[in-house]
Protein chains: 2
Amino acid sequence: MVDEHASVASSEPPGRKQAAILEAATRVFLDNGFRGTSMDVVARAAGVAKQTVYQYFADKERLFAAVVGGAVNVVADPVSAEIGRLGTGDDLAADLRELAVRQLGAVLAPRVLALRRLVIAEAGRFPEHGQAFFAQGPGRTIDGLAARFAELARDGRLRADDPAAAAADFNWLVMAAPINEAMLLGRATFPAADLARIADHAVATFLRAYGPPA
Amino acid sequence: MVDEHASVASSEPPGRKQAAILEAATRVFLDNGFRGTSMDVVARAAGVAKQTVYQYFADKERLFAAVVGGAVNVVADPVSAEIGRLGTGDDLAADLRELAVRQLGAVLAPRVLALRRLVIAEAGRFPEHGQAFFAQGPGRTIDGLAARFAELARDGRLRADDPAAAAADFNWLVMAAPINEAMLLGRATFPAADLARIADHAVATFLRAYGPPA
DNA sequence: CCTACCGATCGGTAGG
DNA sequence: CCTACCGATCGGTAGG
């Protein structure tokens with residue numbers, strides 16, 4: 001009797017194929033949507049047989065969920081750390097501008113825009129993915145801003161009776177225009193100079209509404 | 001010689017079937033997207049044979065273009081007239097609130113939200129539809145607001161060095177949060193009380209930033 | 001003879 | 001793990 005698990009001793013590390021499938025599937029789903037993606041194409045792109053895909057993911061919906069869940073979590077982190085440092089120096093406007101530029105860079109990354117488009121397209125079929133995207137994205141950012149704005153208001157550095165509303169206003173003053181241009185106009189690239197201009201304007205408007213009295 | 005165009009005298013008005021096809025296709029496309037819609041289902045929903053659909057629309061893409069073009073134009077009008085009357089009375093804040101409520105009602109109508117979702121989902125394949133939606137929707141609104149804000153600034157009733165930027169800020173302060181909740185969270189209904197609260201807050205923030213000096 | 005339309009089916013491909 | 005293949009359904013078109 002020869003080894004019935006010969007494949008375990010092969011040069012193939014365990015999990016390598018699963019990672020290849022997820023990576024390929026992410027690319028294909030982001031480009032073609034749920035219905036536009038075939039399991040055959042995913043298998044071919046991953047360099048495995050279709051049957052192998054089904055060994056790791058029971059069906060197309062489960063593969064899609066793994067793709068979106070993974071992509072949403074990769075995207076989630078970058079701003080929350082920045083928010084805690086808002087106004088630790090004495091130039092709050094500069095801190096807000098820097099935060100806005102970072103947020104714009106993260107949210108307008110082509111992969112994140114594609115994920116947003118995908119999640120919006122499938123929000124009817126998979127509402128939980130839209131909710132996860134919102135929670136990890138704008139929801140998390142606005143919550144973090146609200147907490148920090150409340151502290152800044154207590155210190156007299158912002159006029160914000162309703163810190164949560166101020167946080168939402170800041171977030172959308174920064175993000176709404178470019179996100180909508182990206183979603184509807186298909187705009188895919190945002191030069192650094194554009195991001196700086198958008199951030200400057202959003203912060204100026206925000207501070208005219210919420211800045212401390214001169 | 002008998003009439004050789006007897007069918008013209010039938011009880012079927014000309015264009016009646018085309019209208020039924022467009023109406024059915026609009027419903028099916030809005031619910032299921034481009035790839036999720038089959039021509040068989042459209043034909044069935046319209047109560048005609050599939051052959052009849054192909055007599056009016058050469059292929060699926062042409063039918064889709066007719067649907068989106070028609071839906072975008074139906075959606076376009078309602079705010080532009082209102083904008084011209086902004087500040088004709090002496091209570092600019094009240095006028096802005098009323099405009100905001102009307103805009104919210106129009107843009108958050110279930111059919112318009114479904115159209116936005118559809119257009120975003122297919123922006124890769126049909127960029128012209130996203131551009132048409134933007135032009136007829138936010139683009140048109142922001143342009144109209146910019147023109148009126150420029151006049152109001154000249155009269156000293158707004159502090160707006162850059163009326164176009166002020167118009168975009170107003171538009172997104174009003175629309176961004178509910179649109180993003182609708183797109184990502186799948187929120188479909190917005191009670192009148194919610195719209196009033198959103199409008200009140202957006203106008204208050206806008207006037208703190210752009211209102212005339214007290 | 002033209003149109004509008006039907007029932008049935010074409011070649012390919014979907015998820016499984 | 002691959003090839004082959006299923007029931008069904010896709011967009012589009014045949015004959016009558």
Side-chain angles (χ1 to χ4, degrees), chain A residues 2-22 24-25 28-29 31-68 118 121-122 125-126, chain B residues 1-29 31-68 118 121-122 125-126:
Chain A
V2 292
D3 183 4
E4 60 183 355
H5 299 294
S7 65
V8 171
S10 82
S11 62
E12 199 64 67
R16 178 115 162 47
K17 291 205 172 178
Q18 185 176 20
I21 293 166
L22 270 174
V28 179
F29 275 128
D31 286 348
N32 303 103
F34 181 78
R35 303 202 81 131
T37 294
S38 80
M39 296 297 268
D40 287 286
V41 167
V42 169
R44 221 174 306 139
V48 303
K50 193 162 58 169
Q51 285 274 24
T52 309
V53 175
Y54 281 98
Q55 282 182 341
Y56 291 98
F57 304 96
D59 54 32
K60 194 183 181 184
E61 298 201 359
R62 229 90 50 123
L63 176 59
F64 185 71
V67 162
V68 174
L118 181 63
E122 304 300 338
R125 193 195 313 257
F126 304 109
Chain B
M1 176 82 88
V2 292
D3 183 6
E4 61 185 353
H5 299 291
S7 65
V8 171
S10 87
S11 63
E12 198 66 67
R16 178 112 161 51
K17 291 205 173 180
Q18 184 175 22
I21 292 165
L22 270 173
E23 197 179 322
T26 301
R27 220 176 325 120
V28 179
F29 275 128
D31 285 349
N32 304 103
F34 181 78
R35 303 202 82 132
T37 294
S38 80
M39 297 298 269
D40 288 285
V41 168
V42 168
R44 222 173 306 140
V48 303
K50 192 162 60 166
Q51 285 272 23
T52 308
V53 176
Y54 281 100
Q55 283 184 339
Y56 289 98
F57 304 96
D59 54 33
K60 194 184 182 184
E61 298 200 359
R62 231 89 52 121
L63 176 59
F64 186 71
V67 161
V68 174
L118 181 63
E122 303 301 338
R125 193 193 315 255
F126 304 110

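When reading the values below, keep in mind they use all heavy atoms of this one structure, side chains included, and skip hydrogens, waters and symmetry mates.
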message: As an exercise, state the distance from CE of A:M39 to CD of A:Q51, rounded to the nearest 0.5 Å.
response: 11.0 Å
task: Find the distance B:D59:CG to D:dC10:P and express it as a whole number of Å.
output: 17 Å
Spacing of CZ belonging to A:R35 relative to OG1 belonging to B:T37, to within rounding of 0.5 Å: 8.0 Å
query: Taking atom C1' of C:dG15 as reference, at what distance in whole Å does atom CZ of A:F64 sit?
result: 16 Å
message: Tell me every residue that passes side chain to side chain contact (heavy atoms under 4.5 Å, CB included) with A:E122, counting only those two or more places apart in sequence or in another chain.
response: A:F34, A:F64, A:L118, A:R125, A:F126
- prompt: In whole angstroms, how far is the P atom of D:dC1 from the OH atom of A:Y54?
  reply: 17 Å
- line: d(B:L22 CG, B:F29 CZ) to nearest 0.5 Å is 10.5 Å
task: When you get a sec, tell me which of D:dC1, C:dG15, D:dC2 is the closest nucleotide to the side chain of A:K17?
output: D:dC1
statement: For B:A43 and B:A49, the nearest pair of non-hydrogen atoms, with its separation, is CB-C, 4.0 Å
query: Quick one: which of C:dG16, C:dA4, D:dC1 gets closest to the side chain of B:Q55?
result: C:dA4
Whole angstrom value for the distance that separates P of D:dT13 from CZ of B:F57: 16 Å
- request: Please list, chain by chain and in numerical order, all residues satisfying side chain to side chain contact (heavy atoms under 4.5 Å, CB included) with A:D31, sequence neighbours excluded.
  value: none
- prompt: Is the closest side-chain heavy-atom distance between B:L63 and B:Y56 below 4.5 Å?
  reply: no
- prompt: Which nucleotide in the list C:dG16, D:dC2, D:dG11 gets nearest to the side chain of A:A49?
  reply: D:dC2
field: Side chain A:K50 and base C:dG16 donor-acceptor under 3.5 Å
entry: yes
Between D:dT9 (P) and B:N32 (CG): distance, integer Å: 14 Å
Pairs touching residues 54-67 of chain B that satisfy salt bridge (Lys or Arg N to Asp or Glu O under 4.0 Å), sequence neighbours left out: B:D59-B:R62
query: Could you write out DNA chain C as a dot-bracket string, with dots for unpaired bases, | for bases paired across to another strand, and Watson-Crick or G-U pairs counted at under 3.5 Å?
result: .....|...||...||
field: Strand-adjacent residues in residues 35-44 of chain B, judged by heavy atoms under 4.0 Å from DNA chain C
entry: none
task: Check every atom of D:dC2, C:dC6, C:dG15 against the side chain of A:T52 and return the nucleotide holding the closest atom.
output: D:dC2
statement: Residues passing the side chain to side chain contact (heavy atoms under 4.5 Å, CB included) test with A:A46, sequence neighbours excluded, are A:I21, A:A24, A:V48
message: I need the NZ-P distance between B:K60 and D:dC10, as an integer number of Å.
response: 8 Å
